[in-house]
Amino acid sequence: MKKFINWLKNPASDFVLFVILLILINLVGNKAFLRLDLTGPKSYSLSSASKQIVKTLDEPVSVQVFFSSNLPAPYNSIEQYISDILVEYKGAANGKFNYSFFDMDKSENQGLASDYGLRQVQIQEVANNEVGFKQAWMGVAVLYADSIKTIDSLTSSDGFEYKLTTTISKMISTADTLAALPKDDKLSMTLYVSNELSGFGIAGFDKLDDIVQKAYASANKKNMDRITYTKKVPAASEVKALSDKYGLQTINWQTKDGTKGTSILGIVLEHGSSFRLIPLSMQRSLFGYAIAGLDNLDDSISTALQGLVSKVREIGYVTGHDELSLDDSQQGAGLFNSLVSDLYTFKPLDLSKDDIPQNLTSLVINGPKKKFSDMELYKIDQFIMKGGNVMFFVDPFNEIGGGYYQQPQYVPVDTGLDRLFTKYGIRTGHDYILDENCYTQNQQGYGKMSMYWAPMLQQKSLDPKNAITKNLGYIIFLQNGSIDVSEAEKNPDIHVTSLAKSSPQSWLMTKDIVLNPMMITPPSDKKSEKAENLAVILEGKFESAFDSEPIDPAVLQDNGMLSTKTHLAKSILPGRIFISGSSAITGPQLIDQDGKEPVSMFIRNIIDYMNGESELCTMRTKGLSLNSITIKNAGTAAFAKYFNEYGLAILVALAGFLVWKNRNERRRRIHDRYNPDDTREISKPGKEGKK
């Protein structure tokens, strides 16, 4: 024992004790979990909204993770990220949150994943200098009450917390609504299909009923068995009425003997007077006609059910002035509508006839081309005075005509909204912002062409503090007019944030508008270039643009003794105004169908922020910010690439070598100065017998 104590006191035991200490620290850390998130956007920490969701759970939530083992990079880090973030969820929960990982090498686990509706994902794998593909399980199933939802194809960790938190939130809302329904009150799902279609060789038609029934059974099991299913074959006389009522697809047909008719196809999910269409249609391809929408039909049913019964927040969408149509995904705002449909629904409002409902907290005015009446402007103004939030997407010009050999005409748009903008401290210009830092496109015969009217914003051009933009890496805008908010910035009651600006190499095109890259050159005088506002948000209390309520000639004036006054001269509650100098940002040219592009997330963040859900903005964009290089010279860019790959490692090694040399030199100087004749120094013979 004495020898052991002496050994502990001896410096020779230091290394062994240090190793033992590290092992003990790891054992303690395994039980007492602690993690520090040093990333800027807190990508590896749980947002307060997620913590609140799991802290107030009434029923247990179980998250089951199905990931294949030995995944190649970069997919091998996703499972670890999910594991780490689920630990955070469980730590913040009230004991009703649990998770488990399944070994996907076992056939029974693969069967369970398939029963949930998960599918294998094809991923790329590089092995032995060859690129190949493999099938892998990369999905999550969430179980709450009697409901099951899946998050499939998790090929990236980006946005996982947002997906999981919103999934749990929607499941809670849906389950609570379904549980509150009487036991005999169920949702009805109906397949409408005409038998006449069976004779036209439509791919998938002969198996349609079986596939729909199987999908119904799966969706019904996931949603507390609250759906009933029927198949109806409508008579020819009923087709038009069903199409008008539900918007179902109609198919005109003609047989070889000349007989003509109209059939119908579609699935409707109903509850009371409300209904949702489940995506199912006949489409034509190179191989003939086929039924589209049969893949993942059970998920489509669950999504429709969720939208039908859950409490979805309404947003007013102003119509009547040639705004972008919510039903047009080719040229209108159809993709914009789909982008926000999981949490919000747009309520069309014709302000010439309708008042703004009291329950609405936000409005969207998207690409109007016609003038608003004074009464319409007054309704918008008073909505803002009451603390309402309005999103303006205004175009400087209306593009008319044009084709392959003809340039379109650009007519200035006069909507009358300037009356409101001027009073709020905003001035919009009849011009286009052109930017040297823009989207480029290779065109055959011409090489790389600069689309100056499509500014490409890097991170430094986006506001680093606002939740809408702080985690975004880049955004592309399109055909933006200028926005001057200098007057609003002078108002102490209004806080102005420029969310997005063009680069300092920007200028304005005010006349002779031609959006042809071969006919546009940057100005020779660079002093005329400066950064311009592309999207701005104003928050605070505003002054009304009206002194009194306009007199509506349609309303008879009473000369009686009673009179009323509802006009608000100033905001009684703080409101928010968002303004973008283009409606193209909500159109199909920029918004992608899956909503994964940064510009789609920017739009979605605006909707969330204007509806008081800023936490969702941060959660959705975690890990998306990029430190993009702005070097345009190919040689300089290559140097930067190789310097980051190899140069930094060489500099670190060189720094270590210099530190080692400096320490040796310092030891030698100390030795020579204080103890040059120390005989205890051990010397070794050199190559030529020297000591």
Side-chain angles (χ1 to χ4, degrees), residues 49 149 151 159 162-171 173-174 274 276-277 279 299-300 302-319 323-349 356-357 359-367 388-393 466-469 471-472 475 499 535 537 576-580 582-621 624:
K149 291 290 287 183
I151 307 174
Y162 169 77
K163 294 174 184 176
L164 181 56
T165 296
T166 53
T167 296
I168 295 173
S169 177
K170 287 184 285 187
M171 290 179 74
S173 175
T174 303
S274 301
R276 290 289 188 276
L277 285 182
D299 288 338
S300 299
S302 295
T303 301
L305 181 144
Q306 200 168 66
L308 189 60
V309 302
S310 61
K311 297 178 181 178
V312 180
R313 185 175 299 181
E314 282 191 329
I315 298 173
Y317 193 89
V318 176
T319 62
E323 290 87 354
L324 297 189
S325 172
L326 292 172
D327 300 321
D328 185 358
S329 297
Q330 300 299 319
Q331 296 180 335
L335 292 180
F336 176 38
N337 189 16
S338 300
L339 184 68
V340 304
S341 60
D342 58 338
L343 294 179
Y344 307 95
T345 183
F346 285 122
K347 179 181 178 64
L349 291 175
I356 301 174
N359 64 312
L360 294 185
T361 59
S362 60
L363 287 178
V364 171
I365 300 175
N366 191 15
N389 307 315
V390 183
M391 291 157 271
F392 294 96
F393 299 91
N466 192 280
I468 296 173
T469 52
N471 291 336
L472 294 176
I475 305 176
L499 296 174
I537 190 167
R576 291 172 174 171
I577 295 175
F578 168 84
I579 181 166
S580 169
S582 174
S583 66
I585 198 171
T586 67
Q589 289 179 282
L590 294 180
I591 290 184
D592 62 306
Q593 195 164 11
D594 297 327
K596 294 181 179 179
E597 290 296 322
V599 67
S600 300
M601 295 193 179
F602 175 72
I603 290 294
R604 184 60 197 267
N605 283 355
I606 292 167
I607 297 293
D608 285 335
Y609 188 86
M610 297 294 281
N611 285 277
E613 300 288 354
S614 58
E615 277 287 341
L616 294 181
C617 303
T618 306
M619 196 187 307
R620 182 184 297 108
T621 55
L624 292 182

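Values below: all heavy atoms of this structure, side chains included; hydrogens, waters and symmetry mates excluded.
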>> Is it the case that the side chain of S341 and the backbone of S338 share a donor-acceptor pair, with hydrogens and angles ignored and the cut-off at 3.5 Å?
In response: yes
> Where do G332 and P588 come nearest, in terms of heavy atoms and distance?
Replying inline: O-CD, 3.3 Å
> Taking it one step at a time, do V364 and M610 satisfy side chain to side chain contact (heavy atoms under 4.5 Å, CB included)?
Replying inline: CA-CA 10 Å; V364 171; M610 297 294 281; over 6 Å; no
> So, N611 side chain and E613 main chain: donor-acceptor pair closer than 3.5 Å or not?
Replying inline: no
>> On a heavy-atom basis, which atom in S583 and which in T586 lie closest, and how many Å separate them?
In response: O-OG1, 2.8 Å
>> Restricting to ring-ring contact (aromatic ring centres under 6.0 Å, His included), what partner residues turn up for F602, sequence neighbours left out?
In response: F477
> Do you know which two heavy atoms are closest between L472 and T621, and how far apart they sit?
Replying inline: CD2-CG2, 3.7 Å
> What do you reckon, are the aromatic ring centroids of F578 and Y609 less than 6.0 Å apart?
Replying inline: no
> How long is the gap from CD1 on I603 to CD1 on I468, to the nearest 0.5 Å?
Replying inline: 9.5 Å
>> The test is side chain to side chain contact (heavy atoms under 4.5 Å, CB included); show your working for E597 and I591 and say whether it passes.
In response: CA-CA 7 Å; E597 290 296 322; I591 290 184; over 6 Å; no
> Can you list the steps and then say if F336 with I585 is a side chain to side chain contact (heavy atoms under 4.5 Å, CB included)?
Replying inline: CA-CA 9 Å; F336 176 38; I585 198 171; over 6 Å; no
> Atom OG in S580, atom CZ in F392: separation rounded to 0.5 Å?
Replying inline: 12.5 Å
>> Run the side-chain hydrogen bond (donor to acceptor under 3.5 Å, both in side chains) test against D608 and tell me which residues pass, sequence neighbours left out.
In response: Y344, R620
> NZ of K347: more than 12 outside heavy atoms within 6.0 angstrom?
Replying inline: no
> Would a 4.5 Å heavy-atom cut-off, applied to side chains only, mark L349 and L363 as touching?
Replying inline: yes
>> Is there a side-chain contact between N366 and F346 in this structure, where contact means two heavy atoms from C-beta onward sitting under 4.5 Å apart?
In response: no
>> Checking side chain to side chain contact (heavy atoms under 4.5 Å, CB included) between L616 and each of L343, N605, T165, which is the one that passes?
In response: L343
> Which heavy atom in V340 sits nearest to a heavy atom in I607, and how many Å separate them?
Replying inline: CG1-CG1, 4.0 Å
>> Distance check, rounded to the nearest 0.5 Å: N337 atom CG versus D328 atom CG?
In response: 11.5 Å
>> What's the separation between atom CD in E314 and atom OG1 in T361, rounded to the nearest 0.5 Å?
In response: 10.5 Å
> Does any non-hydrogen side-chain atom of L335 lie less than 4.5 Å from one of S600?
Replying inline: no
> Does S362 reach the main-chain N or O of V390 with its side chain, forming a donor-acceptor pair under 3.5 Å?
Replying inline: no
>> Quick check for you: to the nearest 0.5 Å, what is the distance between N466 atom CG and T618 atom OG1?
In response: 9.0 Å
> Distance from M601 atom CE to L339 atom CG, nearest 0.5 Å?
Replying inline: 9.5 Å
